[in-house]
Amino acid sequence: MRNMEQPLLDAFAAARLSSQQSGIAQRLLEALDPLAFLSSHTAGANSALLTLARAHAALTGHAAEGQPHAPLLLQVLDSTAGSLTVSVDAFRAGGGHQDLAKAQTELNAVILALRPHVQRRIRTALPTAAATAQRLQPLLLNLESAVQGWLGPLWNGQITDLELLESMCAEVGVLVALKGRDGSSLRKDLLKLLLRGTPTELQMHNLLWPAVTRHRVTLLVHGARVLQGLERFLPQAEQWPLNPRQASDRLPDNQRLRDFVSRLPPRTGSATLVEFHVEAPDTQTAYALGRRQLTEALDQYSAGERLLELTLAPQGEALAARSGGYVIRWTGNTPTARTAYPLTIDWPVRLRPALRGAHLARRVDAPMTSSALCWSALESTGLNSGQIKLLAKSCALQTLRQQLVFLYTMLTTAARDRLTHQRYIVERLQNKIKSHERSMQRCQMVDSEQAQKSFRMHKQMAEQDKRCLEQELLKEKTARADHVTWTRDLDAQVTVVGTKPHLADLDTWVDVLMPPRQPSARLAAAQQAVSGLSAYAGGYVVDHVDLWRRRLQNPVLLDAWIDKQRNVYTSALSWLYVTRNLSFHGGVFQAPADTLTAHAGRSLVDMTLEFLGNRYTRDRGHGRNETQPIDSYQDLAKRFDDLRDHLGQPGATCHPLRLRHITGPSQTWWQP
C-alpha cells in the first residue's frame, strides 16, 4: 500500500497527526493515486460535484448542439439526481445543504419536462435546457465553496461517523482533482508540510487547493526542425531547431536548456525544442497540460504535412518549472515486471476488439480521445447505450469482490509496513548513538575547553537517545510478537498461497469479517487478529476494516453500498458515451473533468475484461462454448438484482454470500 510507506509514516509521526488526520491524508492520497481501484479513486466517487458538473455540461451541450440527445441526457440527469440524493447527509453535516436542495429541485424539474420529450421521440432540443444550465452554474460554484469548508470539521475531528467521513472525504478529493491538483505532487508537498509540524486547517487548505501560477514547460517534438506559426496556437511559444549533427554553438543560449539537450538520447532525425507557459496549480499538472496543449497543436501540422510523422518525445525528454522556481526533469520511468501474463490462455474472438481498444486508450494522451476509445472497446463486446445499466450492475458486483480482496491486502501490508517503520526508528536511533560516540572519541583526542564542552553535550545526547532506544526496542519486541500471533491466527482461518500472501479463498476472509454462525475458537482468534492488525496499522486502515465489518454485518448497509456503486457506474458509463459522441461527432477536445472520465473509462474497461476473461477461461476449462459478453452482462445484472432481493429480506444476513463466485459462471454465489 503506497500510502503506508516509510517516508509517509515517518512524516505522520513527526507531525504528531491524530489517527483521523492520518486517515484523511491517506484517503486523499489514495483518491488521487492513478494505481488505486476505481472505487477508491476520485473518478469512481459518488460525488454530487462531479455528476452535477457533468449534468451542467450535458444541458449546455444539448441546448447548443443537440448533444447529448434527449434519451442520453435523461440518463445522465437521472444518475446525477441519484448521486445528489445519496450526498444529502454529507452536505447537511458539512454545509451547502440549501444549495444542494436547489440543485435537486432544478434537476427534478428538467427531468420531469424531459421524460415526455423522450417518450414522444421529439428530436428538437428541450426548450428549458439552457435556462436550467444557467441556474445550475452558480449553485455548482456555491457547492464547491461549501466542500472546501468541510476541510475544517474533517481535519479537526468533528466528523466521527465513518460512512459520513468516507462520503465527505470522497467529495473533497473530487474537488481537489477538479481544480487540477496532481496526486504525486500533492504527496511530495504533503511530506514537506508534515516535516514542519502539525498542519493547521489553513495550511491543509492551501496544500489541497494552491493558487494557480505560471509554469514554463519544455517539450521535444520529433519530425521537424521548425513548426511554422506555432505561436498562433501556443501564444509566446519559443522553439529551437535540433538535428543530429548540430554544433554546440547553435544550441539554445539558456544554460538550463543546453544542459538538458546535452543529456538527450542520440537523435536520428530532425527535432525541435518547444517552450511555452502554462497556468497550473503545480508543476506536474503544468507538464500534463502542456503536453496536452502541444499535442492538440500538432494536429494542425499533421494535417498540413501528411507525409511527416510528428511525435512528442517520451516523458523522459521534458522539463517543467514554476516561473522563478525549481525545475523538474521527467525521467520517464514506467512500471516493469520480470514476467507479463495474458488476460486469458487463448484468443477469445469476441474480446479481441475490446483488448485492442483498451490498449490504444492507454497510449493516447488526449483524455477525450482515450474516453472515446474506452467506449468503443466496450461497444465492441456488444454493449449499446441502452444496456449501460446491465454493465453498471455487473461492475458493481465486481467492485464488491475487488474491495474485499483489497481490504485483506491493505490490512496485512499496512501492518507489515508499520512494523518495518518501527525497525527503521530503532536503526535510526542506533545510528545516532554511534554518531555521538564517534564524536565523543574525537573530542577526547583534543585537549581544549571547547572539546570538553562538546564531549559533555554528545554524552548527554547519547544518553537521551539510549533511553529512547530502550523504549523503541520494547515497542518493537512487543509489536513483533503481537504481529506473529495475529498473522498465525489469521492464516489458520483464511486460505492463502504464496509468500506475500495471496488469497486463495476469498470467502474464508469474508467469514472473518462477519459475526460467526456458530461459535468457533479459531474464528474468534482470527477476528481478534483482524482487530489487532487494523489497530496497529491505524489511520485509514482501521476505519476501512470497521466500515466493511459494519456493511457485512448489516445487509441494509451492504445493499445501500452496492446500489450506490451501481449508480456511480451508470453515471460514468453514460458520460463515457456522451464523451464519445462529443469527441467523434462534435469534435470537442475538452469537457468537465475529462481526465477523470478517461481514468474511469480505462478502469471500467479493465474491470469488464477481468470478469469476462475469467468467464472465458472457465468456459474453455470446462469444454463449454464461449459465453457471449452481452449474455454475461445480463446474467450478472440479474444476479445483482437477486442479491439486493436477498439482502432486503426480513432477518437476512450476509452469511450465504459467496464472493469467490460472485462474477463467475458458477451459480454458487448464494448458499443459504
Side-chain angles (χ1 to χ4, degrees), residues 31-32 38 41-65 67-68 72-88 90-91 94 96 99-108 110-111 129-150 167-168 170-181 208-209 212 281 285 289 367-368 371 567-583 586 588-601:
L32 295 168
L38 179 57
H41 194 272
T42 54
N46 187 81
S47 166
L49 289 180
L50 182 58
T51 54
L52 197 58
R54 288 171 173 168
H56 174 265
L59 286 166
T60 302
H62 177 77
E65 305 290 341
Q67 283 284 358
L72 185 54
L73 175 63
L74 181 60
Q75 203 163 330
V76 170
L77 297 181
D78 274 336
S79 58
T80 301
S83 294
L84 265 59
T85 299
V86 175
S87 303
V88 167
F91 280 89
D99 288 306
L100 185 74
K102 292 177 183 177
Q104 286 180 296
T105 301
E106 292 291 345
L107 274 179
N108 292 335
V110 75
I111 289 172
T132 304
Q134 289 178 354
R135 290 192 293 270
L136 284 177
Q137 179 65 29
L139 295 176
L140 186 56
L141 295 175
N142 291 344
L143 290 175
E144 288 182 356
S145 298
V147 170
Q148 284 186 331
W150 294 2
S167 178
M168 293 176 73
E171 203 74 70
V172 170
V174 166
L175 185 57
V176 172
L178 287 177
K179 295 300 182 182
R181 197 70 158 103
L208 298 177
W209 299 288
V212 173
T285 301
L289 289 174
M368 294 283 284
S371 299
N567 187 70
V568 167
Y569 295 146
T570 300
S571 175
L573 287 165
S574 299
W575 191 248
L576 202 63
Y577 184 52
V578 170
T579 301
R580 178 259 194 187
N581 289 348
L582 291 173
S583 179
V588 176
F589 290 108
Q590 295 184 356
D594 50 12
T595 54
L596 293 184
T597 302
H599 183 90

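Residue numbers run from 1 in the order of the sequence given.
Between atom CG of residue Leu52 and atom CD of residue Gln104 there is a gap of 10.0 Å, rounded to the nearest 0.5 Å. With values rounded to the nearest 0.5 angstrom, Leu84 atom CG is found 7.5 Å from Leu143 atom CG. Rounding to the nearest 0.5 angstrom, the gap separating the CZ atom in Arg181 from the CG atom in Leu175 is 12.5 Å. How far OG1 of Thr597 is from CG of Leu50: 7.0 Å, rounded to the nearest 0.5 Å. Here CZ of Arg580 is found 9.5 Å from CD of Gln67. Values are rounded to the nearest 0.5 Å. Distance check, rounded to the nearest 0.5 Å: OH of Tyr569 to CG of Leu576 gives 13.5 Å.
For the pair Lys102/Asn142, no side-chain contact is recorded, criterion being any heavy-atom separation below 4.5 Å from C-beta on. With a 4.5 Å cut-off on side-chain heavy atoms, Ser167 and Asn46 do not count as touching. In this structure, the side chains of Val86 and Asn567 stay at 4.5 Å or more apart for every pair of heavy atoms. With a 4.5 Å cut-off on side-chain heavy atoms, Leu59 and Leu77 count as touching. Counting heavy atoms from C-beta outward, Trp209 and Val172 have side chains that approach closer than 4.5 Å.
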What do the steps show when you test Arg54 against Ser79 for side chain to side chain donor-acceptor pair (under 3.5 Å), and what is the final call?
CA-CA 11 Å; Arg54 288 171 173 168; Ser79 58; over 6 Å; no
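Nearest heavy atoms, Leu596 versus His41: CD2-CE1, 4.1 Å. When every heavy atom of Ala58 is checked against every heavy atom of Trp575, the shortest pair comes out as CB-CZ3, 3.8 Å. Across Ser574 and Leu72, no two heavy atoms sit closer than the pair O-CD1, 3.9 Å. Taking all atoms of both residues into account, the shortest heavy-atom contact from Ala53 to Leu140 is CA-CD2, 3.8 Å. The two atoms that bring Ala81 and Ile111 nearest to each other are CB-CD1, 4.1 Å, heavy atoms only. Considering all non-hydrogen atoms of both residues, Ala55 and Thr80 come closest at CB-OG1, 3.7 Å.
Judged by distance alone, with hydrogens and angles left aside, the side-chain atoms of Thr42 form no donor-acceptor pair with the main-chain N or O of Val174 at under 3.5 Å. The main-chain N or O of Thr579 is never found under 3.5 Å from a side-chain atom of Ser371 such that the two would form a donor-acceptor pair. Counting only distance, with no hydrogens or angles, the side chain of Glu171 and the backbone of Leu49 share a donor-acceptor pair below 3.5 Å.
Note: Phe91 and Trp150 have perpendicular aromatic rings, judged against thresholds of 30 and 60 degrees for the angle between ring planes.
More than 12 heavy atoms of other residues, nucleotides or ligands sit less than 6.0 Å from atom CD of Gln137.
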